[in-house]
There are 2 protein chains.
Amino acid sequence: MFLDTDAIKRSLAGSGLRSTPQRYAVMAFLMEQAEHPTAAEIFEAVNRVDPRSSRATIYNNLRDLVQAGLVREVAMEGRAARFDAKGTRHHHFICDRCGNVEDLEWYDVPRPAAASLGKRVLRECELIFRGLCTKCAPRRASRQVF
Amino acid sequence: MFLDTDAIKRSLAGSGLRSTPQRYAVMAFLMEQAEHPTAAEIFEAVNRVDPRSSRATIYNNLRDLVQAGLVREVAMEGRAARFDAKGTRHHHFICDRCGNVEDLEWYDVPRPAAASLGKRVLRECELIFRGLCTKCAPRRASRQVF
DNA sequence: TTATATATTAGATATAATCTAAACAGGTTT
DNA sequence: AAACCTGTTTAGATTATATCTAATATATAA
């Protein structure tokens with residue numbers, strides 16, 4: 001898969017973000033990753049190439065990209081948060097055993113009933129499934145609970 | 001609302017957990033809370049009464065209660081995780097502005113398509129809505145995005 | 001090219017959660 | 001009741017994760 005350099009720059013500019021080498025590297029790395037790396041993993045991967053980004057820069061850029069709506073942050077119980085370029089809409093699957101986060105094809109989720117919602121204003125919804133990923137699932141699934 | 005002392009003890013015993021004063025206090029506090037407190041808040045609240053629990057004990061017990069399936073942990077981006085006694089099934093609403101976590105009435109969520117799911121084994125699903133809570137929502141909602 | 005607002009940096013600091021090893025307390029057995 | 005065993009609690013140290021600081025550098029517009 002080839003990354004469109006200009007497309008990244010345009011989407012950064014469109015959010016009022018300058019395209020610096022460090023910021024570009026973070027965005028490009030997230031877009032080419034199928035997995036959902038942690039900040040530490042992004043830091044390491046981006047610095048394996050060049051230029052060297054500091055830890056603070058990685059965090060700053062992730063914050064900016066999340067605020068701009070270009071990246072999604074997935075909080076994990078206990079472990080470090082994972083990040084995900086918001087290419088196409090999708091749901092998430094988190095493996096109980098290895099902790100990996102995987103994308104599931106998007107489909108619409110019914111809204112809560114108006115009565116239950118009250119005066120709250122909805123902005124977005126996130127659907128997370130948990131269980132065992134393909135690698136961690138036993139050959140013959142012992143029990144399909146859900 | 002009155003808490004059924006024996007019911008708590010029975011549910012602890014049913015999960016193979018001894019009912020110690022500290023553990024009982026954590027469970028009872030979570031059950032009488034409509035909000036979803038952080039570990040630090042639980043620590044403070046439980047110790048306002050007695051006996052004094054150490055921070056480690058709060059974390060130990062929360063871990064045990066989560067493992068036993070009596071409590072749910074809700075990871076938050078950036079902030080401390082929040083905890084929630086699993087009384088009845090429900091979804092969650094998280095306020096973008098004040099960070100509060102509120103319960104929404106449960107309703108069934110459609111499973112992912114078999115093709116998208118592959119060999120993964122599902123255990124549970126979590127549906128999280130985000131937006132503005134009743135307190136934070138403007139009088140006349142400026143924009144209902146979702 | 002120059003001005004200027006924005007971005008980057010290393011290292012210190014803050015925050016959240018876990019670990020450690022010793023002491024303690026239920027429940028059981030003798 | 002005493003001894004026993006296992007699970008629990010404890011204070012404080014430690015780790016892990018993320019943010020802050022203030023000096024320096026860079027991208028972009030004029």
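Within every chain, numbering begins at 1; the chains are lettered A, B, ... in the order of the sequence lines, protein sequences first and strands thereafter.
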Exercise for review: With DNA chain C as reference, determine whether B:Ala39 or A:Gly16 sits nearer its 5' end, using the nearest nucleotide of each.
Suggested key: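 That would be A:Gly16.
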Using a cut-off of 4.0 Å on non-hydrogen atoms, how would the nucleic acid contact of [X] be classed: base, sugar-phosphate, or nothing?
| X | result |
| --- | --- |
| B:Thr20 | sugar-phosphate |
| A:Asp64 | nothing |
| B:Asn60 | base |
| A:Arg63 | nothing |

Check your understanding: Can you pull the contact range of chain A along DNA chain D, 5' to 3', using atoms under 4.0 angstrom from its heavy atoms?
Key ->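 Answer, 5' to 3': D:dT17 to D:dT28.
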Point to revise | Pairs flagged by ring-ring contact (aromatic ring centres under 6.0 Å, His included) wherever residues 34-67 of chain B is involved - sequence neighbours left out | key: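 The answer is B:His36-B:His92.
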Review point. Between the axis at one end of the helix from C:dT1-D:dA30 to C:dT30-D:dA1 and the axis at the other (five pairs apiece), what's the angle to 10 degrees?
Key: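 Here the local axes at opposite ends form an angle of 30°.
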Practice item. Taking side-chain hydrogen bond (donor to acceptor under 3.5 Å, both in side chains) as the test, write out the residues that go with A:Asp6, two or more places apart. Key: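 With neighbours one apart ignored, the set is empty.
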Can you name the atoms? Protein N/O to nucleotides 22-27 of chain C N/O, anything below 3.5 Å, with the distance.
none

Practice item. Determine, for A:Arg130 against A:Glu77, whether the closest basic-nitrogen to carboxylate-oxygen distance falls under 4.0 angstrom. Key: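 Counted as a salt bridge, because a side-chain N and a carboxylate O are separated by less than 4.0 Å.
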Practice item. Run the salt-bridge test on A:Glu102 and A:Lys135 with the 4.0 Å N-O cut-off and return the result as yes or no. Key: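 No salt bridge links A:Glu102 with A:Lys135.
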Could you list the protein-to-nucleotides 10-16 of chain C atom pairs, N/O on both sides, closer than 3.5 Å?
none

Check your understanding: Is the shortest heavy-atom distance from the side chain of A:His91 to the side chain of A:Trp106 under 4.5 Å?
Key ->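 Contact flag for A:His91/A:Trp106 side chains = yes.
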